[in-house]
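Here is the naming used below: chain letters follow the sequence lines, and residue numbers restart at 1 for every chain.
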2 protein chains.
Amino acid sequence: MNENVTTMPKTARGAATRARIVDAATALVRARGAANTTIDAVIEASKASKSQVYHYFADKDELVLAVIQRQAECVLGTHEGLLRKLNSLTGLRRWRDAVVELTDQTNCAGGCPLGSLAAELSETPRTRAALAESFARWAGYFEAAFARMQTRAGKKPTNDLKALSEAMLASLQGGLLLAQTLRSTRPLELALDMAIEHVAARLEL
Amino acid sequence: MNENVTTMPKTARGAATRARIVDAATALVRARGAANTTIDAVIEASKASKSQVYHYFADKDELVLAVIQRQAECVLGTHEGLLRKLNSLTGLRRWRDAVVELTDQTNCAGGCPLGSLAAELSETPRTRAALAESFARWAGYFEAAFARMQTRAGKKPTNDLKALSEAMLASLQGGLLLAQTLRSTRPLELALDMAIEHVAARLEL
DNA sequence: GAAAAAGTGGACTATTTAGTCCAAATACTT
DNA sequence: AAGTATTTGGACTAAATAGTCCACTTTTTC
């Protein structure tokens with residue numbers, strides 16, 4: 001029925017508006033969850049108007065999808081930066097410390113931005129797919145780091161690096177969830193230390 | 001303003017009604033999350049009337065709290081049953097298989113009933129407290145099982161059993177979240193195997 | 001600089017939603 | 001059996017919500 005389909009911005013001004021909307025929506029979803037974030041709240045926070053939101057997004061679901069992508073960019077960007085040049089157990093421990101530090105700085109509130117979205121939106125096909133892809137990319141960063149650790153130590157490459165990276169990501173997600181609920185970084189620290197030991201053992205480092 | 005405070009049922013009939021409401025609400029929250037569950041949907045599913053819901057619960061938040069308690073009963077009941085008599089690494093591996101089997105039976109949908117609630121409701125003080133307590137009890141079951149494993153093997157009791165149980169719970173939660181999003185039991189299996197190895201190493205079994 | 005395209009403001013509608021209220025029905029008490 | 005407490009049905013309200021629509025403005029194109 002609706003001929004006026006969603007548009008991607010065609011000018012810099014439009015791009016800026018769209019970005020403002022997604023940014024505001026991302027912050028609100030982060031704080032209250034997708035279901036508790038209203039379009040009106042997004043409009044107010046982004047100082048956009050209703051027609052602007054519905055000009056760039058077909059409906060709320062599409063906006064939420066953009067939020068997932070935005071949040072994934074942010075989280076994966078951070079971790080890619082932290083993991084990019086990592087090639088030793090010491091480096092991995094430094095990454096652990098950084099994650100714990102980051103979590104501590106927010107009093108464990110909010111948990112993992114992607115993990116929270118995953119818990120809320122994993123039963124909807126499109127959002128689930130987007131989140132699954134993000135997790136896969138995230139695991140890929142670990143995998144690459146483990147490969148570098150292995151070659152640097154002169155070990156022959158093993159092929160269970162993917163398994164190792166999934167276990168690491170699971171520890172991270174579980175640790176962050178417990179940290180959020182128990183309001184303590186302890187479970188996160190314990191989970192990550194366990195995973196690092198596991199990596200060290202498997203990589204024979 | 002409201003003199004007509006929430007009432008606990010005083011007759012068997014009332015108790016049955018309240019239970020019907022909580023059961024229906026629990027199923028709906030499990031399927032769609034708390035924010036996406038409306039009182040009207042609960043009324044329809046439980047064949048109760050609005051006045052009944054507001055007779056037994058002050059507002060939606062109180063109903064959600066009852067749902068958390070109900071779900072915690074259910075999940076902790078299941079795991080208490082599985083872990084109660086566990087006193088060996090073999091038993092722990094059987095528990096792992098049971099969890100994976102259970103997850104597989106639902107095609108990894110829904111994730112952990114408590115974990116999903118935790119992700120959604122950990123920023124609200126009362127719900128967070130209820131969830132934190134549930135996780136603590138859950139970890140307690142692991143701790144007790146590890147203690148039995150240790151004494152059965154004739155080892156002197158170590159005092160990091162609590163840490164070990166938190167790492168185990170984190171692996172479980174992270175594994176279930178990834179399983180839900182990736183629609184595969186693999187990350188769950190990997191995370192649990194890692195945690196079991198870790199337990200074996202720490203307990204020197 | 002005129003025409004076309006892109007972007008904007010915000011009023012308006014349809015529904016949905018949490019919560020209120022009270023009269024009627026049912027169960028307990030003595 | 002009368003009287004009291006509990007439970008129930010459902011109409012009603014006020015606010016919130018997703019989404020529509022169109023007139024108006026700004027920017028780009030030729």
Engineer: Any sub-3.5 Å donor-acceptor pair from A/Thr185's side-chain atoms to A/Asp104's backbone N or O?
Structural biologist: no

Engineer: Rounded to whole Å, please give me the gap between CG in A/Asp40 and C1' in C/dT17.
Structural biologist: 15 Å

Engineer: Let's test this: given Watson-Crick or G-U wobble pairing with both distances under 3.5 Å, identify the partner of D/dT8.
Structural biologist: C/dA23

Engineer: Taking the basic N atoms (NZ, or NE/NH1/NH2) and the acidic carboxylate oxygens, is any pair closer than 4.0 Å for A/Asp193 and A/Arg96?
Structural biologist: yes

Engineer: Treat primed atoms plus P, OP1 and OP2 as sugar-phosphate and everything else as base, then score nucleotides 1-8 of chain C 5' to 3': B for base contact with protein heavy atoms under 4.0 Å, S for sugar-phosphate contact only, - for none.
Structural biologist: -----SSB

Engineer: How long is the line joining CD1 of B/Ile39 and P of D/dA16, in whole Å?
Structural biologist: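 Going from B/Ile39 (CD1) to D/dA16 (P), I get 17 Å.
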
Engineer: Round to the nearest Å and state the distance from B/Leu63 atom CG to C/dG19 atom P.
Structural biologist: 10 Å

Engineer: Taking atom P of D/dG10 as reference, at what distance in whole Å does atom NZ of B/Lys47 sit?
Structural biologist: 12 Å

Engineer: For A/Gln69, what residues pass the side chain to side chain donor-acceptor pair (under 3.5 Å) criterion, not counting sequence neighbours?
Structural biologist: none

Engineer: Which whole-number value in Å describes the distance from A/Asp59 CG to D/dA18 P?
Structural biologist: 11 Å

Engineer: Starting at CD of A/Glu62 and ending at C1' of D/dA18, how long is that distance when rounded to a whole Å?
Structural biologist: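 Spelled out: CD on A/Glu62 to C1' on D/dA18 is 15 Å.
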
Engineer: Would you mind pulling out the nucleotide paired to D/dT17, Watson-Crick or G-U wobble, both distances under 3.5 Å?
Structural biologist: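 Pairing partner: none.
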
Engineer: Expressed as a whole number of angstroms, how long is the span from A/Asn36:CG to C/dT17:C1'?
Structural biologist: 13 Å

Engineer: Between A/Lys50 and A/Asp40, is there a salt bridge with N-O shorter than 4.0 Å?
Structural biologist: yes

Engineer: Give the rounded distance in Å between these two atoms: CD1 of A/Ile43 and C1' of D/dT17.
Structural biologist: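 From A/Ile43 CD1 to D/dT17 C1': 11 Å.
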
Engineer: Just checking B/Lys50: base, sugar-phosphate only, or nothing, at a heavy-atom cut-off of under 4.0 Å?
Structural biologist: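 Here B/Lys50 touches the bases of the nucleic acid.
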
Engineer: Less than 4.0 Å between a side-chain N and a carboxylate O, is that true for A/Glu166 and B/Arg186?
Structural biologist: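 Looking at B/Arg186 and A/Glu166, the cut-off is met.
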
Engineer: Using the rule side-chain contact (heavy atoms from CB on, under 4.5 Å), only one of A/Leu83, A/Leu169, A/Leu82, A/Leu86 pairs with A/Tyr141; which is it?
Structural biologist: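 Checked A/Leu83, A/Leu169, A/Leu82, A/Leu86 against A/Tyr141; only one passes side-chain contact (heavy atoms from CB on, under 4.5 Å): A/Leu83.
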
Engineer: So does A/Glu197 pair up with B/Arg202, basic N to acidic O under 4.0 Å?
Structural biologist: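 B/Arg202 and A/Glu197: salt-bridged.
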
